[in-house]
Asks: 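Here's a structure for you.
Just so you know, these numbers use all the heavy atoms, side chains as well, and skip hydrogens, waters and symmetry mates. Proteins come first, then strands; the chains are lettered A, B, ... in the order of their sequence lines, and each starts at number 1.
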There are 2 protein chains.
Amino acid sequence: MEDGTYKALGYCKGTDDDEARQWDVRADCDVRHILDRIADKWSLLVIALLDRRTMRFSELRRTVDGVSQRMLTVTLRQLERDGLVSRTVYPVVPPRVDYELTELGMSLHEVIKSLVIWTEEHQQAISAARSTYDQRIAEEERQQLQVMVR
Amino acid sequence: MEDGTYKALGYCKGTDDDEARQWDVRADCDVRHILDRIADKWSLLVIALLDRRTMRFSELRRTVDGVSQRMLTVTLRQLERDGLVSRTVYPVVPPRVDYELTELGMSLHEVIKSLVIWTEEHQQAISAARSTYDQRIAEEERQQLQVMVR
DNA sequence: CAGTATCCCTTTTGATACTG
DNA sequence: CAGTATCAAAAGGGATACTG
């Protein structure tokens, strides 16, 4: 549960010949760590689904479909910590907790939306590429066997 | 090494009350699986760094900084399989292999570029949010202790 | 309902050694 | 150089039980 301690510090090295490349270049620690969090399976989905309206925990649990209670809780906590999602607890008898995107979260949502849309638009192309690749590999392996038999 | 077998099939359920939500909604298997691949730490970085020019394996290894040889290889293979990156082997004596984005990869690069830029632009905001959150939690824990002592 | 805490298994990843 | 193979360590994640 404790965070703040990052395992791989191998990233953080001084900038050397940087500034030469286009833009990402100074992949310093902060950006990398934030990207790691955002480029997370569940984070991405939660932000993608939390579009403009609040959702209750159970609603998210059902919507994200496949996420365990534990993972959803962990993910939401991280997003809350990063200021991307706000959490509102209503002190009613069957507990009720609402989640919604913050301003920051909404700006990220736009970007992630593009990513999801890209994926939807190109899933055919990717599937096709995979088939082609798999076939090529299978073919190559077959030929390898031929060679070994001789 | 064998792929094609996905662990969690819990995702893939029929569409029920879908179509009601904004856009992600039909988070069917394909899109989810592709997103999982793209929203990967190393994939993201490789695509981000592979901007418009070819790079050799060793160059990528140095640039991505922190990636192990194994992970870079695995990542590049996946990207190649997905048709996002092309791999060119030169049959020279110290082996030389060039990687570059395909058309498909370049279109994805644009989207990922937005994501990286967003991250760069908002890293301050996120850091601030984290500090605020951590302080709030620490404060709450302190108060919890107070209660328990009585 | 919305969690938290634990246990435990699986997947991921890094280190190391070896090869064309 | 650009991998592949193997193994051990670590992180991720599920199942279950319990709580305010």
Asks: In whole angstrom, give the distance that lies between atom CE of B:M71 and atom C1' of D:dG3.
Replies: 14 Å
Asks: I need the minimum non-hydrogen distance between B:D65 and A:R32, along with the two atoms involved.
Replies: O-NH2, 3.0 Å
Asks: Base, sugar-phosphate, or nothing: which does A:R61 touch, judged by heavy atoms less than 4.0 Å apart?
Replies: nothing
Asks: Pairing check on D:dG20: which nucleotide meets the Watson-Crick or G-U wobble criteria with it, both distances under 3.5 Å?
Replies: C:dC1
Asks: Please state how far atom CG in B:D40 lies from atom C1' in C:dT13, giving the value in whole angstrom units.
Replies: 12 Å
Asks: What I'd like to find out is whether the side chain of A:Q69 reaches to under 4.5 Å of the side chain of A:F57, using heavy atoms alone.
Replies: yes
Asks: Could you check whether A:R70 gets within reach of a base, just the sugar-phosphate, or nothing at all, counting any heavy atom under 4.0 Å?
Replies: base
Asks: Ignoring the backbone of B:P95, work out which of D:dC1, C:dG3, D:dG3 is nearest its side chain.
Replies: D:dC1
Asks: Rounded off to whole Å, could you give me the CG-to-C1' distance for the A:L76 and D:dG13 pair?
Replies: 16 Å
Asks: With a 4.0 Å cutoff (strictly under), does any side-chain N or O of A:Y99 reach OP1 or OP2 of C:dC1?
Replies: no
Asks: How many Å lie between CH2 on B:W42 and C1' on C:dT13, as a whole number?
Replies: 10 Å
Asks: Starting from C1' on C:dA2, measure out to CD on A:E80 and report it in whole angstrom.
Replies: 13 Å
Asks: May I ask you to say what A:Y90 touches in the nucleic acid, namely base, sugar-phosphate or nothing, with a heavy-atom cut-off under 4.0 Å?
Replies: nothing
Asks: Would you indicate, yes or no, if C:dA2 has its OP1 or OP2 atom less than 4.0 angstrom from a side-chain nitrogen or oxygen of A:S58?
Replies: yes
Asks: Within the pair A:R87 and C:dA2, is there a side-chain N or O less than 4.0 Å away from OP1 or OP2?
Replies: no
Asks: Just how far, in rounded Å, is P of C:dA2 from CG of A:D98?
Replies: 8 Å
Asks: Is a salt bridge present between B:R136 and B:D134, judged by a nitrogen-to-oxygen distance below 4.0 Å?
Replies: no
Asks: How long is the line joining CD of A:E140 and P of C:dG20, in whole Å?
Replies: 18 Å
Asks: Can you check the B:F57 CZ to C:dT19 P distance for me, whole Å?
Replies: 19 Å
Asks: We want to know whether A:E139 and A:Q143 form a side-chain donor-acceptor pair, criterion being a heavy-atom distance below 3.5 angstrom.
Replies: yes
Asks: Could you measure the distance from the CG atom of A:D36 to the CG atom of B:L44? Nearest 0.5 Å is fine.
Replies: 9.0 Å
Asks: Between A:Q69 and B:Q69, name the one whose nearest nucleotide on DNA chain D is closer to the 5' end.
Replies: B:Q69
Asks: Map A:S68 and A:V93 onto DNA chain D by nearest heavy atom, then report which one ends up closer to the 5' terminus.
Replies: A:S68
Asks: With nearest nucleotides of DNA chain C determined for A:T73 and A:P94 from heavy-atom distances, which residue corresponds to the more 5′ nucleotide?
Replies: A:P94
